[in-house]
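First up is the structure itself, then whatever we jot down about it.
Quick note: numbers below take in every heavy atom, side chains included, and nothing from hydrogens, waters or symmetry partners.
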Amino acid sequence: MVTKQNFKIIGTGSYLPERKLTAKEMDGRLGMPIGWTEQNIGVLERYECVDPETLISMAYNAVVSALNEAQISWDQIDYLFDCSTSKMRPIPNNACHIQHAFGPEASPVPCLDIQSTCLGSITAINLANSLLNDEAYRNVVIVASERAVAGVNLNQPASAGLVGDGAAAIVLRRQESQRCISFCHQTFAQHLELCRVDGGGHLLPFFEYNEGRDEEFRFTMDGPAVYRVARKKLPPMVRHVLESYQQNNHGFDSSKIQVVPHQASPHAVEAIRRVLGFSAENYHVGIQGLGNLASASIPVMLDRLRKSDRLNPGQDILLLGTSAGYSQAALCFQL
């Protein structure tokens, strides 16, 4: 899909919990020899949200940082999107909890959750772009907050050793632009069993939990199978998005595009880079020091790159990733 780019990023913010969790500590939790996580997973450290920090306190800190950079107040915001995988409660939605954390100043900004697991930020930006096509809307806040470390299955070291906690936020402002975005989102639901949490929904209600079924309420993933699907499906979709972007934006130089992938795993992210032929210099990876932050992984990287001046206004950006479903998405736009 190619459509007009109706937004610009005017602020980003991110927050990592105070507690750092090293690979050595993770080895102990997993019951593995020292060095196993570093050697086999490649995540050297990640951050863990523990009391008194919460899913919402992390989101709050990320949003404050983004609003401060954007120099914008709540009375100028037209929508709050939460695109997290982690949920504070089944009802009401996360976005309501975040608004509540800011008190009366954030009322009555409408709140909406967008659930696309690890692709949350990409799909949220695309939906916001459509919303901002209407002159009635000017500013949208997108936030992702993940507290996944507590939900891993320690009997599945390959997936448990990847995960980290953290939050990030993005402020989008409506703009008149001659540029286009290129976006594609695909789902192949025949693979939905590869990455899942069985317990907590109607399939296996929370009130049926007992210690004997604990693993059914935790994250499970067949990483090698997910990679095989991604290796086959993702490259042609990404190439299509880039070709469409180039055809509709004069002066685009594909060799200079800055790529921010979902930080799925160190090995998978590097393998996809090689398959797609992106230079290491323009392909931004930070999972070794963060872990897989699910929906927060891309906006955390965006914030870090913008704050370090490695991404600058006017550059062409490609966001890409995969998620449970099996789903995959890519979004190309001008920063």
Side-chain angles (χ1 to χ4, degrees), residues 14-50 53 55 58 84-86 117-120 144-168 191 193-200 214-231 234 260-274 283-298 300-301 304 321-326:
S14 59
Y15 180 79
L16 298 173
E18 291 185 8
R19 190 183 192 287
K20 186 179 292 187
L21 179 60
T22 66
K24 182 178 179 180
E25 289 179 275
M26 201 67 207
D27 290 334
R29 293 189 186 186
L30 296 172
M32 292 295 185
I34 299 301
W36 186 91
T37 299
E38 180 177 347
Q39 181 178 351
N40 292 276
I41 305 300
V43 177
L44 306 182
E45 61 186 27
R46 82 290 312 278
Y47 295 81
E48 182 179 20
C49 179
V50 296
E53 294 189 293
L55 192 70
M58 290 194 298
S84 309
T85 307
S86 304
T117 59
C118 297
L119 294 175
S145 185
E146 300 290 8
R147 189 180 182 181
V149 173
V152 300
N153 183 351
L154 295 177
N155 293 320
Q156 295 186 355
S159 61
L162 285 170
V163 176
D165 294 342
H191 303 296
E193 296 293 331
L194 297 180
C195 186
R196 67 191 193 275
V197 177
D198 290 330
D214 183 78
E215 289 194 15
E216 295 178 82
F217 287 78
R218 295 184 177 276
F219 176 69
T220 184
M221 179 176 67
D222 185 341
V226 172
Y227 174 72
R228 288 193 294 271
V229 176
R231 174 66 179 78
L234 188 65
V260 184
H262 164 53
Q263 315 286 300
S265 78
H267 304 308
V269 171
E270 173 60 16
I272 292 297
R273 181 191 72 80
R274 293 178 181 273
Y283 191 81
H284 303 287
V285 180
I287 186 172
Q288 293 87 350
L290 295 169
N292 182 335
L293 300 180
S295 69
S297 96
I298 286 177
V300 164
M301 287 301 297
R304 289 187 154 202
T322 63
S323 73
Y326 162 88

Hey, are the side chains of Asp165 and Arg46 touching, using non-hydrogen atoms and a 4.5 Å cut-off? no
Under 4.5 Å between any side-chain heavy atoms of Pro266 and Val43, yes or no? yes
Under the rule for side chain to side chain donor-acceptor pair (under 3.5 Å), what residues qualify as partners of Arg273, not counting sequence neighbours? Glu270
Rounded to the nearest 0.5 angstrom, the CZ-OG1 distance for Arg231 and Thr322 is 14.0 Å
I'd like to know if the side chain of Arg19 reaches the main chain of Glu48, judged simply by a donor and an acceptor atom lying under 3.5 Å from each other, with no hydrogens or angles considered. no
Please determine whether the number of non-hydrogen atoms from other residues, nucleotides or ligands lying under 6.0 Å from atom CZ of Arg304 exceeds 12. no
Verify the neighbour count for atom CD of Glu25: are there more than 12 heavy atoms of other residues, nucleotides or ligands below 6.0 Å? yes
State which residues pass side chain to side chain donor-acceptor pair (under 3.5 Å) with His284; sequence neighbours excluded, sorted by chain then number. Gln258, Arg310
Tyr15 side chain vs Ser145 backbone, donor-acceptor pair below 3.5 Å: no
List the atom pairs, with distances to 0.1 Å, where a side-chain N or O of residues 33-40 and a protein N or O form a donor-acceptor pair under 3.5 Å, not counting sequence neighbours.
unit_1: Thr37; atom_1: OG1; unit_2: Asp27; atom_2: OD1; d: 2.6
unit_1: Asn40; atom_1: ND2; unit_2: Trp36; atom_2: O; d: 3.0

Residues in salt bridge (Lys or Arg N to Asp or Glu O under 4.0 Å) contact with Glu53, at least two apart in sequence or another chain: none
Verify, without hydrogens or angle tests, whether Gln263 (side chain) and Gly286 (backbone) share a donor-acceptor contact under 3.5 angstrom. yes
Going by the rule side chain to side chain donor-acceptor pair (under 3.5 Å), which residues pair with Tyr326 if we only count those two or more places apart in sequence or in a different chain? Gln328
Side chains of Ser86 and Glu146 only: does a donor on one sit below 3.5 Å from an acceptor on the other? yes
Can you name the side chain to side chain donor-acceptor pair (under 3.5 Å) partners of Glu215, sequence neighbours left out? Asn153, Asn155
